[in-house]
Amino acid sequence: MLKNKTYKLFISTFFFVILLYVFDFYIFDNSTNLQFWCVEINNFQQQNIRIPIHCDEGPYQFASESVENFFDKVNPYQGRPLFVFALSLFRYVFSIFSFFNLSEYQIFRLSFVFMQILILICIVIEFAKLINLKFDKIIDYFLIFSLISIPSIRWNVFLSSVGNIPFLLFLLVLNNYLKVNSEIKQNKKLFVILGFFSLAHLSAILYGSIFLLLSIFKERKIFLYQTLVNFSYLVIFQIFYRTIIYFSNYEFYDWHRDVHNQFYWIIDSIKGEPTTNCQTLDTFLLCNTQITQSYIGYFAISVIFTLFLILILRLQNKKTPESIKSSFKINIFVFVFWSLQGIYEPFRFVNYSIGYFLFLSLIIFVVEFKYNPYLLFSVLIYSLSVPYLEPYNSALDTPQLNVLTIISVVFFFIFVRNEFASLKIENNKN
């Protein structure tokens, strides 16, 4: 039974990835001919195969070729050894298939997409645990398709980016936080996994720390020894990695500090040392507020959907799902963390908190409303209505309407009208 479920999960994920690729680059491609932040859309070697070229491709391709390249200052991602090692391993595996006459660049691209799909499959697995999918109904696959259709999730599959890893970490922590109290206190495995994943994305330590903090609030007790042990699991892999470098012939280059002064600006500001715009105690909050307002403004439709769904549940005397409440708690801390980094982009870092909360909540609401088809298709079509990478455009801070957006709103309106009609009938009975 488990084997059959895993088979369905893998096949459906691959199928949806291909479907979304065709959708983004061939069907709904009204904006793929434009240049976006850090990305260009090109035809693959004069063939009619469109691929996004991310500015991180060069550094990742260079870093994954050898250990010497990895520790070169040209590589800005020395803090992600696990991710680069996995990419290097896949490049080696795919290079064995030399009879396909693949170029080095083709092997690199194939390796990256394969690794992104593996990350996506892990996301789907955690999501299936969250809402207890059985894969025994067609509607279950629509929910998976809705998940993969979340704008940032589907875009990252074809980019040289670690952008989907934070979403995986978020789901992992959310699933474990929803477990009973006794498991929270003794969950060593989670902290070991997060500590290990910190070698791919440092935010794993953040998510583990949030889990520890929320667990203390949930149990209303501080298990000091257990907390220290669990936190040591979070940081031990990073300590071990940095120690190996210290005693080696290589030197660790912190690109995020030396180039962007990410988070370190706080220390410089306290010391009174010169900092750039938005990296002062007086300006960082203003900058973060502006990009947050821009994000919420652009995705205002999803905000309105979420508020209406909460209102309907209240009118029905039902509680908001615990998974949504817990998601909100986790993402409050995530939002505060990224607001202190000193880099304020119009989409990416706000999306790690507010975006994840909104899009995941809408899918959970679909389950809560017993797979109402109007709500399901409204949520799915809304995700698909967001053009490729458009939210990265800092000039856009209001919803950009298109045919799919209008269809989504119409479906949602029908859903709301039906729910209020049902409430009216129920109230008349009472």
Side-chain angles (χ1 to χ4, degrees), residues 1-17 116-150 152-154 156-157 164-197 200-201 203-204 207-208 210-212 214-215 218 230 319-331 334 352 355-371 376 379-380 383:
M1 186 67 179
L2 180 60
K3 183 178 179 181
N4 188 41
K5 181 178 178 180
T6 304
Y7 173 78
K8 291 179 180 179
L9 187 150
F10 273 70
I11 295 299
S12 60
T13 300
F14 273 97
F15 174 75
F16 291 143
V17 166
Q116 294 285 29
I117 290 177
L118 286 182
I119 295 171
L120 184 61
I121 288 173
C122 291
I123 288 174
V124 172
I125 290 173
E126 288 301 316
F127 174 74
K129 292 178 184 177
L130 178 66
I131 61 175
N132 196 27
L133 284 184
K134 303 296 185 183
F135 292 95
D136 56 355
K137 301 185 295 290
I138 294 296
I139 199 72
D140 291 348
Y141 295 95
F142 275 105
L143 291 176
I144 295 297
F145 188 44
S146 298
L147 176 77
I148 300 176
S149 298
I150 292 175
S152 62
I153 304 303
R154 74 176 195 262
N156 280 320
V157 174
N164 278 349
I165 293 180
F167 189 67
L168 172 60
L169 299 172
F170 161 58
L171 288 178
L172 187 63
V173 167
L174 178 60
N175 272 330
N176 281 272
Y177 181 70
L178 290 170
K179 291 181 179 180
V180 296
N181 294 348
S182 60
E183 291 187 28
I184 292 175
K185 185 173 62 177
Q186 302 173 358
N187 202 333
K188 297 179 182 179
K189 183 179 178 181
L190 172 66
F191 295 103
V192 172
I193 292 173
L194 290 174
F196 183 67
F197 267 103
H201 202 288
S203 66
Y207 283 99
I210 292 172
F211 181 87
L212 278 174
L214 289 179
S215 298
K218 189 173 184 177
N230 288 336
K319 294 183 178 179
T320 302
E322 193 61 38
S323 53
I324 293 179
K325 292 180 181 178
S326 298
S327 170
F328 182 74
K329 293 175 186 177
I330 292 169
N331 284 304
V334 175
Y352 285 166
Y356 288 172
F357 169 74
L358 287 174
F359 282 99
L360 182 64
S361 294
L362 288 175
I363 299 175
I364 295 173
F365 273 124
V366 171
V367 178
E368 183 68 17
F369 283 96
K370 300 179 180 179
Y371 306 97
L376 170 62
V379 170
L380 173 59
S383 290

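The first residue in the sequence is number 1, and the count goes up from there. All values derive from a computational prediction rather than experimental measurement.
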Among residues at least two apart in sequence or on other chains, which ones pass side-chain contact (heavy atoms from CB on, under 4.5 Å) with S146?
I363, L376, L380

What do the steps show when you test V173 against L194 for side-chain contact (heavy atoms from CB on, under 4.5 Å), and what is the final call?
CA-CA 9 Å; V173 167; L194 290 174; 4.0 Å; yes

Separation between CD1 (I144) and CZ (F135), nearest 0.5 Å, reads 4.0 Å

To the closest 0.5 Å, what do you measure between CD1 (I148) and CD1 (I153)?
10.0 Å

Heavy atoms from other residues, nucleotides or ligands near CD1 of I138 exceed 12 (cutoff 6.0 Å)
no

In Å and rounded to the nearest 0.5 Å, what is the OG to NZ distance from S326 to K218?
6.0 Å

Ring centroid separation for F191 and F211, is it under 6.0 angstrom?
yes

Distance (rounded to the nearest 0.5 Å) between N230 CG and K188 NZ
8.0 Å

Look only at the side chain of N176 and the backbone of L172, and say whether a donor-acceptor pair between them is shorter than 3.5 Å.
yes

Answer yes or no: does atom CZ of F197 have more than 12 heavy-atom neighbours from other residues, nucleotides or ligands under 6.0 Å?
no

Over all atoms of both residues, closest heavy-atom pair of Y177 and K329
OH-NZ, 3.9 Å

Heavy atoms of E368 and P321 approach each other most closely as OE1-CG, 3.5 Å

Is the number of heavy atoms from other residues, nucleotides or ligands under 6.0 Å of F142 CZ greater than 12?
no

Look at atom NZ of K325 and say whether more than 12 heavy atoms of other residues, nucleotides or ligands are closer to it than 6.0 Å.
yes

Check whether any side-chain heavy atom of L360 lies under 4.5 Å from a side-chain heavy atom of F127, and answer yes or no.
yes

Check ring pair (Phe, Tyr, Trp, His ring centres under 6.0 Å) between F10 and all other residues, then give those that pass, not counting sequence neighbours.
none

Using the rule given for side chain to side chain donor-acceptor pair (under 3.5 Å), can you reason through S152 versus N156, listing the C-alpha separation, both sets of side-chain angles and the distance that settles it, and then say yes or no?
CA-CA 6 Å; S152 62; N156 280 320; 5.1 Å; no

Enclosure of F328 CZ (heavy-atom neighbours >12, cutoff 6.0 Å):
no

Spacing of CG belonging to L362 relative to CZ belonging to F365, to within rounding of 0.5 Å
7.5 Å

I'd like to know if the side chain of N187 and the backbone of L190 have a donor-acceptor N/O pair within less than 3.5 Å.
yes

Just checking F196: does its CZ atom have more than 12 heavy atoms from other residues, nucleotides or ligands closer to it than 6.0 angstrom?
no

Ring pair (Phe, Tyr, Trp, His ring centres under 6.0 Å) with F15: which residues, sequence neighbours excluded?
none

side-chain contact (heavy atoms from CB on, under 4.5 Å) for F357 and V334? Distances and angles first, verdict last.
CA-CA 11 Å; F357 169 74; V334 175; over 6 Å; no

Contacts of S323 that satisfy side-chain hydrogen bond (donor to acceptor under 3.5 Å, both in side chains) - sequence neighbours left out:
none

Ring pair (Phe, Tyr, Trp, His ring centres under 6.0 Å) partners for F145, two or more places apart
F16

Taking side-chain contact (heavy atoms from CB on, under 4.5 Å) as the definition, give me every residue that meets it alongside I125, ordered by chain and number, with sequence neighbours left out.
L9, I121, K129

If you apply the rule side-chain contact (heavy atoms from CB on, under 4.5 Å), what do you find for F359 with L147, and how did you get there?
CA-CA 8 Å; F359 282 99; L147 176 77; over 6 Å; no

Whether F170 and Y356 hold their rings parallel, tilted or perpendicular, with breakpoints at 30° and 60°
parallel

Could you pull out the closest heavy-atom pair between N164 and I123, with the gap in Å?
O-CD1, 3.6 Å

What closest approach, in Å, do H201 and S203 show between heavy atoms, and which atom pair accounts for it?
ND1-OG, 2.7 Å

